[in-house]
2 protein chains.
Amino acid sequence: MEEMDDKKTILIVDDEKPIVDILVYNLEKEGYNTLEANDGVTAVEIATTKKPDLILLDIMLPKMDGLTVCKKIRSSLNVPILMLTAKDEEIDKILGLELGADDYITKPFSVRELMARIKANLRKSEIKENANNIGEDGKTKKIVVGPLELDLDKFEAKVDGEVIDLTIREFEVLKFLASQAGQVITREVLLEKVWGYEYYGDIRTVDVTVRRIRGKIEKDTANPRILITKRGVGYYIRNN
Amino acid sequence: MEEMDDKKTILIVDDEKPIVDILVYNLEKEGYNTLEANDGVTAVEIATTKKPDLILLDIMLPKMDGLTVCKKIRSSLNVPILMLTAKDEEIDKILGLELGADDYITKPFSVRELMARIKANLRKSEIKENANNIGEDGKTKKIVVGPLELDLDKFEAKVDGEVIDLTIREFEVLKFLASQAGQVITREVLLEKVWGYEYYGDIRTVDVTVRRIRGKIEKDTANPRILITKRGVGYYIRNN
DNA sequence: AGATTTTTTTACAAAATTATTACAAAAATA
DNA sequence: TATTTTTGTAATAATTTTGTAAAAAAATCT
């Protein structure tokens, strides 16, 4: 299934092989593509040629230190950079941020937390892009199903042409459902795909979010015409 | 009702009695069955013979360490494994994940969080199972028999092109019958395949469900043309 | 035909699932 | 930091589905 939007690519810059392996393993399990660089020079090279969607950057690196790498990359690319630092290098952390890093995480880190950070940063950068109105390849990505129209670049929904203001979570649920309109999606799958790796909460959270979406896109929430319940299974977007 | 999925069984692998006791107490309170193993060798043995739905596995164990246990179990079983680690064993944690563990939690852990994690991991493993039932091959899976058409993705039935709204139970019965159209299926088999092995209810429940299906798909329920009774045997879907 | 077995039909209660609401926690923003 | 917004949780209400039982109807057998 999947492939709603194409896979995001993440560049891992670290000279410690075991750490790189762990990161690659977990990132790919989560559905990202990965690139590797073991030193600073290679990192800058790969970053500029391959243009990854996010960079994980260790501060301690051979040939060129992480801070310099960060600065270099930033001078030519607007990619989110997540710094990896050894503990108690507080000064470095801050310097890193000044240099344009978007976030940092201290080693040893929990894989779970890292995944959450990555996801959050990717999302932020998507939003930023649209704010600048820089439509990468020019064309606007949209999903249209009946009266529902989702503008994936603007994070904007329209129903019968009228703009609806949705929160990110609401938008993502709607997007996932709409990308497979007509197909019933279970709550389990929604939690897994929208809430993701880091989520351990109650499954009924989905119901409440659906309720909130309905409150915004349906004229009569008791008789929804767009986002339909398939009792005993899940929810789907009507497509006929 | 729904005795289809009985209680989930969780195998606890830890050599510290107090911890095991706490886990057992809380898990059973939450409605899980529990199994215990105090060392690695026993763990592998119980895991393979009893096939629990999820395994809680401490990394520090007598006889065989947790990582090895994890690897061993994984080689033969596809059960979710949740590793328990003492704090600051970050490397171990991650190694555990590389070895195929699905998640980890550090000691001392909050019971509440552990329960949430267990729930989430069970949920994920259910998704995998489901995914096999539903067509992942891109095309929508359908069963067509005469005027009857079942869309397995939408949980939707059509008769002569007209959409019929069925409940899941009704849909499942129809699906089972339709998947072997022309063949008479006994009530016993239907109960076992649709209601599940552990169903203790009355066999006439099948009749009522059939009646309800007929009420929806047949024009004249007294003279069914799709779902036919074979008196003294069972029911079948006409396919000629 | 009458008795017996089996199935159909109906109505009702119980069970399961979903919707709704209010509130608290967390996150984002000013 | 304070304020606002978003999100998750939990409790309750509303709704739908399902199982059961009992009676009616139909088929089968003597």
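Worth saying up front: this structure is predicted, and the values here are computed from it rather than measured. All heavy atoms count here, side chains included; hydrogens, waters and symmetry mates do not. Naming convention: chains lettered A, B, ... in sequence-line order (proteins, then strands); numbering from 1 in each chain.
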With a 4.5 Å limit on heavy-atom distance, are the side chains of A/Phe176 and A/Glu172 in contact?
no
Tell me whether A/Glu170 contacts the main-chain N or O of A/Thr167 through its side chain, where contact means a donor paired with an acceptor under 3.5 Å.
yes
A/Arg204 has a side chain; which of D/dT7, D/dG19, C/dT18 sits nearest to it?
C/dT18
Do the side-chain N or O atoms of B/Thr167 get closer than 4.0 angstrom to the phosphate oxygens (OP1, OP2) of D/dT16?
no
I'd like to check the side-chain hydrogen bond (donor to acceptor under 3.5 Å, both in side chains) partners of B/Glu156; sequence neighbours left out, ordered by chain and number.
none
In B/S/- notation (B base, S sugar-phosphate only, - none; protein heavy atoms under 4.0 Å), nucleotides 20-30 of chain C written 5' to 3' is SBB--------
What pair of heavy atoms forms the shortest contact from A/Asn239 to A/Ala181, and how long is it?
ND2-O, 3.3 Å
Result block: side-chain N/O donor-acceptor pairs under 3.5 angstrom for residues 220-232 of chain A, not counting sequence neighbours:
{"residue": "A/Asp220", "atom": "OD1", "partner": "A/Ala222", "partner atom": "N", "Å": "3.0"}
{"residue": "A/Thr229", "atom": "OG1", "partner": "A/Arg214", "partner atom": "NH2", "Å": "2.7"}
{"residue": "A/Lys230", "atom": "NZ", "partner": "B/Leu166", "partner atom": "O", "Å": "2.7"}

Could you pull out all residues at least two apart from A/Asn240 that satisfy side chain to side chain contact (heavy atoms under 4.5 Å, CB included)?
A/Arg238, B/Lys154
Would you classify B/Tyr235 as touching base, sugar-phosphate or nothing, given that sugar-phosphate means primed atoms plus P, OP1 and OP2, and contacts are heavy atoms under 4.0 Å?
sugar-phosphate
Can a side chain N or O of A/Trp195 be found less than 4.0 Å away from OP1 or OP2 on D/dG8?
yes
Separation of atom CD1 in A/Ile228 from atom C1' in C/dT18, rounded to whole Å:
14 Å
Starting at atom CG of A/Asn223, determine the distance to atom P of C/dT18, rounded to an integer number of angstrom.
17 Å
Rounded to whole Å, please give me the gap between NZ in B/Lys216 and C1' in D/dT16.
10 Å
CG of B/Asp165 versus P of D/dT18: gap in Å, rounded?
11 Å
Mind checking ring pair (Phe, Tyr, Trp, His ring centres under 6.0 Å) for A/Tyr236 and listing every partner two or more places apart, or none if nothing turns up?
none
Length of the line joining B/Ile168:CD1 and C/dT17:P, which is rounded to integer Å
8 Å
B/Phe171 atom CZ is separated from D/dT18 atom C1', nearest whole Å, by 18 Å
Length of the CD1-C1' vector between B/Ile203 and C/dT5, whole Å
15 Å
Test side-chain hydrogen bond (donor to acceptor under 3.5 Å, both in side chains) applied to B/Thr34 - qualifying residues, sequence neighbours left out:
B/Glu28
Looking at A/Thr229, does any N or O in its side chain come under 4.0 Å of the phosphate oxygens OP1/OP2 on C/dA19?
yes
Residues passing the ring pair (Phe, Tyr, Trp, His ring centres under 6.0 Å) test with A/Tyr32, sequence neighbours excluded, are none
Taking only residues two or more places apart in sequence, or in another chain, which ones meet B/Lys219 in a side chain to side chain contact (heavy atoms under 4.5 Å, CB included)?
B/Asp160
Residue list, side chain to side chain contact (heavy atoms under 4.5 Å, CB included) with A/Lys51, at least two apart or on another chain
A/Leu77
The criterion is side chain to side chain contact (heavy atoms under 4.5 Å, CB included); which residues satisfy it with A/Ile203, sequence neighbours excluded?
A/Arg187, A/Glu188, A/Leu191, B/Arg123
Between protein and nucleotides 26-30 of chain D, what N or O pairs are separated by less than 3.5 Å?
{"residue": "D/dA27", "atom": "O4'", "partner": "B/Arg231", "partner atom": "NH1", "Å": "3.4"}

Where along residues 177-190 of chain B does a heavy atom fall under 4.0 Å from DNA chain D?
none
In whole angstroms, how far is the C1' atom of D/dG8 from the CG atom of A/Leu191?
11 Å
